[in-house]
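In what follows, a structure is listed as structure tokens, so that the remarks can point back to it.
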Amino acid sequence: MIRGVSTPRPGSPAGLPSPYAERVLDLVERIPPGLVLTYGDVAGLLDEAGPRQVGRVLSLWGGAVPWWRVVRASGEPALGHEAEALRRLRAEAAPLLSGSGRVDLRRARWSGS
DNA sequence: GCAATGACTGGTA
DNA sequence: TTACCAGCCATTG
């Protein structure tokens, strides 16, 4: 397992992540390099809550996981972190749509293993 | 316990 | 293709 139940989340700002937050972080950590998942996909694969909660989790504890592999349904990276995400994705050889600063979801979307 | 918030989504124009 | 609208639900004050 990549992440044990007792694995601490470095940089956790507000106390401990909620059980739901850990589920989200767990899944995000398993996204293979070069592939991405949309917020809706994460919520759907976990079958819990919705995309907005995924965004909230990443905003709070995303620093401990490859958050740049989670993008919007349109292929655009997290708002406010677009440049950073794009740079990371490019380093992983993820399929990007140059010019529009977006990810090619048709090719980069991860099915969930 | 209630109301507001948010790194979103899908449908419609 | 882009822009706007209403709905979504866990977390927070």
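Quick note: numbers below take in every heavy atom, side chains included, and nothing from hydrogens, waters or symmetry partners. Sequence lines set the chain letters: A, B, ... in the order given, protein chains first and strands last, and positions in each chain run from 1.
Atoms CD (E76(A)) and P (dT2(C)) sit 8 Å apart, rounded to a whole Å. When the P atom of dC9(C) is taken as reference, atom CG of L58(A) falls 19 Å away, rounded to whole Å. For L105(A) and dC8(B), the CG to P distance is 15 Å, given to the nearest whole Å. Rounded to whole Å, the distance from OH on Y39(A) to C1' on dC9(C) is 17 Å. Rounded to whole angstrom, the span from the CG atom of L60(A) across to the C1' atom of dA7(B) amounts to 10 Å.
Side-chain atoms of R102(A) lie closest to dT2(C) of the nucleotides dA10(C), dT2(C), dG6(B). Taking every side-chain heavy atom of H81(A) into account, dA7(B) is the closest of dT11(C), dG10(B), dA7(B). Between dG10(B), dG7(C), dA7(B), one nucleotide has an atom nearer to the side chain of L79(A) than all others, and that is dA7(B). In this structure, of dT9(B), dG7(C), dA7(B), it is dG7(C) that holds the atom nearest to the side chain of R52(A). The side chain of Q53(A) lies closest to dA10(C) when the candidates are dA10(C), dG10(B), dA7(B).
Separation of atoms CZ (R87(A)) and CD (E84(A)) is listed at 4.5 Å; rounding is to 0.5 Å. Rounded to the nearest 0.5 angstrom, L96(A) CG and D104(A) CG are separated by 8.5 Å.
If you check the side chains of W61(A) and E22(A), you find no donor sitting under 3.5 Å from an acceptor.
Backbone-only engagement by G40(A) is indicated by non-hydrogen atom pairs under 4.0 Å involving sugar-phosphate atoms exclusively.
The phosphate of dA4(B) (OP1 or OP2) has no side-chain N or O of R56(A) nearer than 4.0 angstrom.
With hydrogens and angles ignored, no donor-acceptor pair under 3.5 angstrom links the side chain of R72(A) to the base of dT9(B).
A salt bridge does not link R23(A) to D26(A): none of the charged side-chain nitrogens sits closer than 4.0 Å to a carboxylate oxygen.
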